[in-house]
Structures are given as structure tokens and as C-alpha cells.
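To keep things clear, I will list the structure first and then write my remarks on it.
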There are 2 protein chains.
Amino acid sequence: MKQTRMTRQKKIILEVLRSTRSHPTADWIYMEARKQIPNLSLGTVYRNLNQLAEMGEILELNYGSSFSRFDGNPVPHYHLVCENCGRVYDLELPVMHQLETSAAAVSGAEIRGHRLEFYGICNHCKREQYQQ
Amino acid sequence: MKQTRMTRQKKIILEVLRSTRSHPTADWIYMEARKQIPNLSLGTVYRNLNQLAEMGEILELNYGSSFSRFDGNPVPHYHLVCENCGRVYDLELPVMHQLETSAAAVSGAEIRGHRLEFYGICNHCKREQYQQ
DNA sequence: TTACTTGCAAAAGCTTTGCCTTACT
DNA sequence: AGTAAGGCAAAGCTTTTGCAAGTAA
């Protein structure tokens, strides 16, 4: 595995991200970091964010999936996303509406819905791996 | 509110989506639907998917958010997304690892993690609305 | 000195949009 | 007939990538 280096850019990008609770976009991080490195490029921000996420230093929300998937079933249900093949499965878990009550209690927000997704290796891929 | 019309295109797009359990992408739906309407355009697929999702007929996964957000806190936790202002908040709800056990049980998959997000109106926006 | 990183700019990939035509109701 | 919707193609946006130069280790 390739080793990584701690550059000035990476350090500042990480500092910017750690210093806010706002879950910023790459572009916001870029603009903030440019206050310290005026000629920083957006490509560098993306490269570092991806690397940091891969190392587990930060979390990428929205899972970088660059495109939407659609589900013909509008009734709320949960999903399993296979990290190997990318397939998305419906789960036969009952929807837990009480989670929304808890979320409302701790946040004070008016909750209108929730999404629960599991990530892992699906049955199909597990079998293939065992054969390797 | 604008009224909507049931066109041949929309009907077939919906049929394609309802006839699979695979959570397809817009492009896959496009290719399938083209088997029945060869000169269908991708723009039409997107327009209809967006309209159907808005009407609650179908579900859009990944929430169409066209960009990723990053979180400097790599420790698992849950989020609240405000549907009004778009802000993302960390929730002080304990992470429920037992959900993964249940998901593994019903799916047979090897679960490596999960994501739980709540959607609604945050405290901040609730106040603003009351003032209106 | 080695090879990972950066800046820059171009390319890529998904989605939206403008415009004129078609066709539901 | 009136107007939402379609087809096509261009534009928009976020993210990735190729390449030469820079710089951690």
C-alpha cells in the first residue's frame, strides 16, 4: 500500500474540517483553506478529502455515489448497500417510527422522516469471495 | 399547483421502475424504457423521475444532493438534515449497533456499518416560520 | 534521491434546462 | 384550444485526472 505524506495542504484542510460542526462541502473547505493557502487548488482539496476519508480520519456523507438510484416502492423501508458490487437491497426490517420521536427529543426539530442504510457485503458477494 | 398529465413516456418509466427490485439508476431506466420508446430522451426520464418523486409515487435514494458533505468527526453518529435550510446537524443519539445484528439476520449479509439520517425542519427554521 | 503531492486546466459524468414541437385533457 | 410534456442538444455542476513541477521523508 502506498504511503501518505503530511503536506501543508492536507494539514490545513483537516484543520478547517475539524474546526467546524457544519458538515461543509468540498467547495466551502476549499474557500476556507484558501485564506491560508491562496493558490490552493480544488483538485488538491478533493484528493485530500478522499484520502482522509479512506484512512478513516473523516467521514464522507452521501457516500460519494455520484448518481441517484430510484425505488419504485414509495412505502418507507430500509436498504442494504453492498460495498463490493454496489447492489442495493430492500431489507425486511420493520420501520421504527419511534426513532423519530427520539430524534425529535434530542434535537428539538420537527422530524418528517428518516433513512436507514446498512453497508456491507451481500450474500452474493460473500459466496464469490469464499471461492477465491 | 400545476397539474400533471399521464403521458406514454411517464407510464412506461413508471412501469419499468415498478417491475424491478434492483433500485436502478436513471440511465438504466432510460435504456430499458427505450426498448419500448426508441426515441425517448434522457431528459424526459429525469423530468419524470423528479416529478414522480415529488408526487410521492417513487423514492429517490441518495436524496439527489448533487454534492458530498464531509464530517471531521470520524466516530459514528447520526445526522439531522433540515429540509428547509439544508443544514446538517449531529444528533446526540447513541449509536445502535444492534441494528446491524438485525440487518444481518434478515439479509444474510456481512454488515460493516450503517447510516441513519433524519429529515425535517430544524429548530432554527421552525422559529423563522412561526414569525412569518 | 525517491516518489508522493500540488496546481492548473481539461475531461468526465450525472443532471438540468432552453427552445421549439408534440400531444394529453 | 390551451398548456403540460417531449426531443434534442447545450449548459451546469461537482468531481476526477493527466502532466510537469514541487517537496516531504
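Values below: all heavy atoms of this structure, side chains included; hydrogens, waters and symmetry mates excluded. We name chains A, B, ... by the order of the sequence lines, and we start the count at 1 in each one.
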*In whole angstrom, give the distance that lies between atom CG of A:L52 and atom P of C:dT5.*
11 Å

*With distance as the sole test, does A:R87 use its side chain to make a donor-acceptor pair with the main-chain N or O of A:C82 at under 3.5 Å?*
no

*Between D:dT14 atom C1' and A:N50 atom CG, what is the distance in whole Å?*
12 Å

*Is A:E15 atom CD crowded by more than 12 heavy atoms from other residues, nucleotides or ligands, each under 6.0 Å away?*
yes

*Shortest non-hydrogen contact from B:N84 to B:C125?*
OD1-SG, 3.1 Å

*asked:* According to ring pair (Phe, Tyr, Trp, His ring centres under 6.0 Å), does anything in residues 12-34 of chain B pair up with another residue at least two apart or in another chain? List the pairs.
replied: A:H79-B:H23

Distances under 3.5 Å between protein N/O atoms and the N/O atoms of nucleotides 9-12 of chain C, please, pair by pair.
none

*Look at A:K2 and C:dA3 and indicate whether a side-chain polar atom (N or O) is within less than 4.0 Å of OP1 or OP2.*
no

_Run the side chain to side chain donor-acceptor pair (under 3.5 Å) test against B:Q9 and tell me which residues pass, sequence neighbours left out._
none

*Figure out the CG/P separation between B:L40 and C:dT22, and round it to whole Å.*
17 Å

*Atom NZ of A:K11 and atom C1' of C:dT5: how far apart are they, to the nearest Å?*
15 Å

*Any chance you could list the contact pattern along nucleotides 19-25 of chain D? Use B for base contacts, S for sugar-phosphate-only contacts and - for none, protein heavy atoms under 4.0 Å, 5' to 3'.*
----BBS

_Just the rounded figure in Å: distance from C1' of C:dG7 to CD1 of A:I13._
13 Å

_Gap between atoms CG and C1', on A:L49 and D:dT16 respectively (whole Å)_ = 13 Å

*Rounded to the Å, how far apart are B:F67 CZ and D:dT16 C1'?*
18 Å

*Decide side-chain contact (heavy atoms from CB on, under 4.5 Å) for B:E117 and B:V88; before the verdict, give the C-alpha distance in whole Å, the side-chain angles of both, and the deciding distance to 0.1 Å.*
CA-CA 10 Å; B:E117 289 173 358; B:V88 179; over 6 Å; no

*Hey, what else clusters with B:L93 if you join Ile, Leu, Val, Met, Phe, Trp, Tyr whenever side-chain heavy atoms sit under 4.5 Å?*
A:Y78, A:L80, A:Y89, A:L91, A:L93, A:V95, A:M96, A:L99, A:V106, A:I111, A:L116, A:F118, B:Y78, B:L80, B:Y89, B:L91, B:V95, B:M96, B:L99, B:V106, B:I111, B:L116, B:F118

*Taking only side-chain nitrogens and oxygens of B:N48, does any of them come within less than 4.0 Å of OP1 or OP2 of D:dA5?*
no

*Considering only NZ, NE, NH1 and NH2 on the basic side and carboxylate oxygens on the acidic side, decide whether A:R112 and B:E83 come within less than 4.0 Å.*
yes

*What is the distance from atom NE2 of B:H77 to atom CG of A:L59, rounded to the nearest 0.5 Å?*
6.0 Å

*asked:* Short of 4.0 Å, heavy atom to strand atom, which residues of residues 14-34 of chain B count as contacting DNA chain D?
replied: none

_side-chain contact (heavy atoms from CB on, under 4.5 Å) evaluation trace for A:V16 with A:T20_ = CA-CA 7 Å; A:V16 165; A:T20 179; 5.7 Å; no

*Derivation of the side-chain contact (heavy atoms from CB on, under 4.5 Å) call for B:N50 and B:E60*: CA-CA 8 Å; B:N50 287 341; B:E60 176 171 2; 4.2 Å; yes

*Is any side-chain nitrogen or oxygen of A:N39 closer than 4.0 Å to OP1 or OP2 of C:dT6?*
no

*Considering heavy-atom distances to DNA chain C, does A:R69 or A:K10 have its closest nucleotide positioned more toward the 5' end?*
A:K10

*asked:* Rounded to whole Å, how long is the line connecting atom CD of B:Q51 with atom P of C:dT17?
replied: 14 Å

*Is the number of heavy atoms from other residues, nucleotides or ligands within 6.0 Å of CZ (B:R21) greater than 12?*
no

